Peer 1: 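I'd like to ask some things about the structure below.
Here is the naming used below: chain letters follow the sequence lines, and residue numbers restart at 1 for every chain. Only a predicted model underlies this, so the values are computations on that prediction, with no experimental measurement involved.
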Number of protein chains: 2
Amino acid sequence: MSDKKHSPVCEDNIVHEDILQKVTSEMPEEEFLYELADFFKVFGDTTRIKILYVLFESEMCVCDIAKLLGMTQSAISHQLKILKQSKLIKYRREGKTVFYSLADDHVRTIINQGVSHLCE
Amino acid sequence: MSDKKHSPVCEDNIVHEDILQKVTSEMPEEEFLYELADFFKVFGDTTRIKILYVLFESEMCVCDIAKLLGMTQSAISHQLKILKQSKLIKYRREGKTVFYSLADDHVRTIINQGVSHLCE
DNA sequence: TATACGTATGAACAATTATTCATATGAAAA
DNA sequence: TTTTCATATGAATAATTGTTCATACGTATA
């Protein structure tokens with residue numbers, strides 16, 4: 001918890017030097033911040049969250065996810081691609097069918113973190 | 001880790017009953033899923049992430065955040081509103097100045113979760 | 001090979017969203 | 001009260017994004 005204070009410097013045109021140094025040293029690089037935002041963006045869509053919840057229960061093929069969620073195969077496939085790119089899910093092919101499953105338990109942890117924040 | 005498997009049922013028009021029941025019983029209500037997605041959406045923007053990183057260091061007034069990030073006061077104020085609505089930050093007024101700070105350490109935990117996922 | 005089926009994907013459209021601009025609010029000082 | 005300064009906010013614009021539609025790809029089977 002940061003209980004430090006600093007007086008506003010809005011009259012000047014420069015922020016206090018010590019704060020400025022601390023902030024700029026702790027702030028990740030621009031590119032990393034974009035990756036970070038993109039990562040969280042993945043969880044910022046109900047369809048993708050629903051897909052993840054479905055995969056909490058069982059590995060599943062695309063058409064079954066689509067049926068369970070009452071959406072088109074195409075829509076699900078597009079979202080699965082995004083989840084795959086973020087390395088939140090993995091897949092294995094079995095003939096014509098592709099089975100998707102959670103990449104690891106990280107996903108559960110992150111979603112639960114969000115859930116517990118909302119339930120406070 | 002879910003290591004259960006189920007054969008695809010894409011020929012039929014119905015997903016296996018047991019899976020369907022499990023999924024629908026574990027799936028949160030639609031409204032909650034929207035709140036959850038909206039919550040993660042907040043972290044899905046670099047400006048807001050930057051603001052949170054700045055507040056990791058110190059409580060700060062709007063104009064200083066704007067100066068630190070090289071953005072307009074208006075843009076920052078709009079984003080602070082969103083962060084406030086999500087209860088990620090709090091504020092206190094001191095004369096004309098409004099100081100913003102993190103609501104609790106939850107924010108740090110969530111961001112670090114994202115960071116560690118990216119760094120794997 | 002030809003057909004069928006499950007999945008992937010590019011383009012287009014509709015909806016959402018971040019920033020800017022102009023202006024309003026709120027508080028202190030003249 | 002009037003002015004000044006910090007912050008908030010509504011409307012407009014530009015950019016991003018989710019879904020649909022049409023179609024392509026991959027694999028198995030006839």
Peer 1: What contact category does Y100(A) fall into here, base, sugar-phosphate, or nothing, at under 4.0 angstrom with non-hydrogen atoms?
Peer 2: sugar-phosphate

Peer 1: Measuring to OP1 and OP2 of dT19(D), would you say a side-chain N or O of Q79(A) lies under 4.0 angstrom away?
Peer 2: yes

Peer 1: What pairs of residues pass the ring pair (Phe, Tyr, Trp, His ring centres under 6.0 Å) test when at least one of them lies in residues 77-96 of chain A, not counting sequence neighbours?
Peer 2: Y91(A)-Y100(A)

Peer 1: Provide, to the nearest angstrom, the distance between the CE atom belonging to M71(A) and the P atom belonging to dC21(D).
Peer 2: 12 Å

Peer 1: If we ignore hydrogens and angles and just use 3.5 Å, is the side chain of S77(A) paired with the main-chain N or O of Q73(A) as donor and acceptor?
Peer 2: no

Peer 1: Using atom types as modelled and distance alone, determine if a side-chain donor or acceptor of R93(B) lies under 3.5 Å from a backbone N or O of G95(B).
Peer 2: yes

Peer 1: Taking the side chain from T24(B) and the backbone from L20(B), do they hold a donor-acceptor pair closer than 3.5 Å?
Peer 2: yes

Peer 1: Expressed as a whole number of angstroms, how long is the span from Q85(B):CD to dT17(C):C1'?
Peer 2: 13 Å

Peer 1: Quick one: K67(A) NZ to dT7(C) C1', roughly how many Å, whole number?
Peer 2: 13 Å

Peer 1: If the condition is ring-ring contact (aromatic ring centres under 6.0 Å, His included), which residues does F40(B) pass it with, not counting sequence neighbours?
Peer 2: F43(A)

Peer 1: Looking at every non-hydrogen atom in both residues, tell me the closest pair between A37(B) and T46(A) and how far apart they are.
Peer 2: CB-N, 3.9 Å

Peer 1: In this structure, how many angstroms lie between the C1' atom of dA11(D) and the NZ atom of K81(B), rounded?
Peer 2: 13 Å

Peer 1: Just the rounded figure in Å: distance from C1' of dG6(C) to CD1 of I76(A).
Peer 2: 14 Å

Peer 1: Tell me: CG of L83(A) to C1' of dA8(C), nearest whole Å?
Peer 2: 15 Å

Peer 1: Expressed as a whole number of angstroms, how long is the span from I82(A):CD1 to dT7(C):P?
Peer 2: 18 Å

Peer 1: Near DNA chain D, counting only heavy atoms under 4.0 Å, which residues of residues 27-45 of chain A show up?
Peer 2: K41(A), D45(A)

Peer 1: Restricting to pairs with a member in residues 23-32 of chain A, which pass salt bridge (Lys or Arg N to Asp or Glu O under 4.0 Å), not counting sequence neighbours?
Peer 2: E30(A)-K50(B)

Peer 1: Are I110(A) and F32(B) connected in a single hydrophobic cluster, I mean Ile/Leu/Val/Met/Phe/Trp/Tyr linked by side-chain heavy atoms less than 4.5 Å apart?
Peer 2: yes

Peer 1: Can you check each nucleotide of nucleotides 21-30 of chain C against protein heavy atoms at under 4.0 Å and return B for base, S for sugar-phosphate only, - for none, in 5' to 3' order?
Peer 2: BB---BBS--

Peer 1: Could you check S77(B) against R48(A) and say which one's nearest nucleotide on DNA chain D is further toward the 5' end?
Peer 2: S77(B)

Peer 1: Under 3.5 Å, which donor-acceptor pairs link side chains of residues 113-120 of chain B to any protein atom two or more places apart or in another chain?
Peer 2:
{"unit_1": "S116(B)", "atom_1": "OG", "unit_2": "N112(B)", "atom_2": "O", "d": "3.3"}
{"unit_1": "S116(B)", "atom_1": "OG", "unit_2": "Q113(B)", "atom_2": "O", "d": "3.0"}
{"unit_1": "H117(B)", "atom_1": "NE2", "unit_2": "S86(A)", "atom_2": "O", "d": "3.2"}
{"unit_1": "E120(B)", "atom_1": "OE2", "unit_2": "H106(A)", "atom_2": "ND1", "d": "3.1"}

